[in-house]
Amino acid sequence: MFAAWAIPCLFFLVSVCLPVGAAQESFVVRRNHRLGRRPQEYGPAISSEEVEVNSPFFIEMPIDHFSNTTMNNISTFQNRYWINATYYEPGGPVFLFDSGEQDAAPLLPYYLQEFHGLSATMRLAKRYKGIAILWEHRYYGQSLPFPVNSNTSSEEWQFLTTEQALEDVVFFANSFNSHANASDVNDISDPLSLPLHPSIVPWVWLGGSYPGIRGSLLRVRNPETIFAVWASSAPVQAQVDMASYYKAAERSLTRNCSADWVAVTKHVDEILHGSNDTLRTETKFRLLKARLSGPGGNTTGAEGLTMQQANRTSNVNVASILMDPLDFYQYYGFAASLLPFCNLLETRNFTLSPLEGGITSSVEGRAGIDQAFDAFLVALAELDYDSIPFQDDPVTDRSWMRQYCSEYGFYQRGDPNNPLSIETSFLSLDLFQEQCNDAFADHLPIWPQVENVNKYGGWDMNVSNVLFTNGEFDPWRTMGLASIESNSPHREPSVIVPTCNVAPSFPSFFGLTHSNMVHVSDMRVLLVPDSNHSNFQTVGFYSPIAQEPFYAGLGLFQLALDEWLPCFQSKEPLMKA
């Protein structure tokens, strides 16, 4: 859910409006800086007739766990959570699913009620007779210490930190009844009265993306609170420079599509960096026109576009149009989100047979690149990315931006030194930082303070009772323990279940990499068609692209819990009434 990272404005970057006049304010280049470009669980509303009503609970939470600060006469806020006790029996574990950087409410039907499928949280609750909790992160959804908008002050933002948010979970867990008397366990109207204190029952954390980071940090930081963790797609290495994000996407491409995409990106960057003003304006115009046009040669949407407007559009906004096909890659993967584009590109809109070496190999020199650029523009127009429904949550966008600007970084810059770059070099570290400074004027560190996260180990984290799962082509894998990037330690996952409370032998780690999968492919599975998720034209939180990762990840974590749970030592055996 990090994103990925994520990234992430993971959505991961920001929404960049093209400055071509008031009449053209709808021109937007979507980028993903959310952990992971995680379009939220929005879409057609789910009616109360379709799923059981599950009312939220709230716990009064200190805004500052460490100094008892009061701000504007406020010292506490209400943090939201939900409970499903369908399978709960006295002494059963707590399975907490963390919603991370978003409003948690839209996740409720899928993760606590298994609408149209199965969730790991509920399957584990059923198997181990536990209770399931959906937890909302401070500064998201309805868990707001202060209103979140452009007027939120630096003093109000100071409480949105990694440490405060982690301590929220510790405070929450310790607020449950620590007396092991099971007389009223069937009454969940007052959840905190249940005998669920982490000293008497094990707390098991499940989270993907940023919540995966949080779970692994808590296991290092508070092992007395969080007994075991399944961290899916967790980019535990916070890093300002995340040029690696699009390397994962490029590796998933067919080689002819990669060759042409790389060539077109370099071609456009060179023109925009060049001194030929006429060629630069013409190139901008063609890219903007492709973005505004639709399938079948429909250019109605571009009728108002002029050369003057194109000329005024910034280089970065124009060059970023080349990355439109990547907007939904993180969750849909190559086959669902990039293959349709690559097919259009390589067949020149199905008019020619694809070439193994790509269009650029068909003619030597500039002519081949020009032909590839022409085909690229047609493919952009034919897929019509602007027609895909998409809904931002301004609270989520601003709160997550605050987090990555202050502590996580993950700036997905273009790397001009990468010979296989499909990301424009105009997306620079300085540009990311400038956007952060503009959004949060005068109260940010010079660069994100990634040491606040990496002090728990980062890539070198070696922790017990944690399963790390990743998708082979997940862009956020590059910052996870399974990273294969040149600057990573190149650690290898092992499916051998470690001894309870004993970290695996470094540099191996307990984990699984799902072949051909992308971001958080394994924490739930669709079994029935769902308009929120099964149609690419209606993008939801994520759309599982295969069922196997869910069953593989769940099965491995169950094997681990079978080994680990018996070693949990309750300080007070649960007494039957």
Hey, can you tell me if [X] and [Y] have their rings parallel, tilted or perpendicular (30° and 60° cut-offs)?
X	Y	result
Y404	Y411	perpendicular
F510	W564	perpendicular
F440	W157	perpendicular

**Request:** Report yes if some heavy atom in the side chain of L338 is under 4.5 Å from a heavy atom in the side chain of W261; otherwise report no.
**Result:** yes
**Side chains of R221 and L166 in contact at under 4.5 Å (non-hydrogen atoms)** = yes
**Asked** At what distance, to the nearest 0.5 angstrom, does OG of S175 lie from CG of L192?
**Response** 6.0 Å
**Message:** Can you tell me how far apart CZ (F159) and OG1 (T69) are? Round to the nearest 0.5 Å.
**Reply:** 5.0 Å
**Request:** Kindly state each residue pair satisfying disulfide bond (SG atoms under 2.5 Å apart) with at least one member in residues 134-172, sequence neighbours excluded.
**Result:** none
**Message:** Check for me whether the distance between the ring centres of W400 and Y139 falls short of 6.0 Å.
**Reply:** no
**Prompt:** For the residue pair F172 and Y81, is the inter-centroid distance of their aromatic rings smaller than 6.0 Å?
**Reply:** yes
**Request:** Using atom types as modelled and distance alone, determine if a side-chain donor or acceptor of N462 lies under 3.5 Å from a backbone N or O of A503.
**Result:** no
**Request:** Going by the ring pair (Phe, Tyr, Trp, His ring centres under 6.0 Å) test, name the single residue among Y111, W205, W230 that passes it with F97.
**Result:** Y111
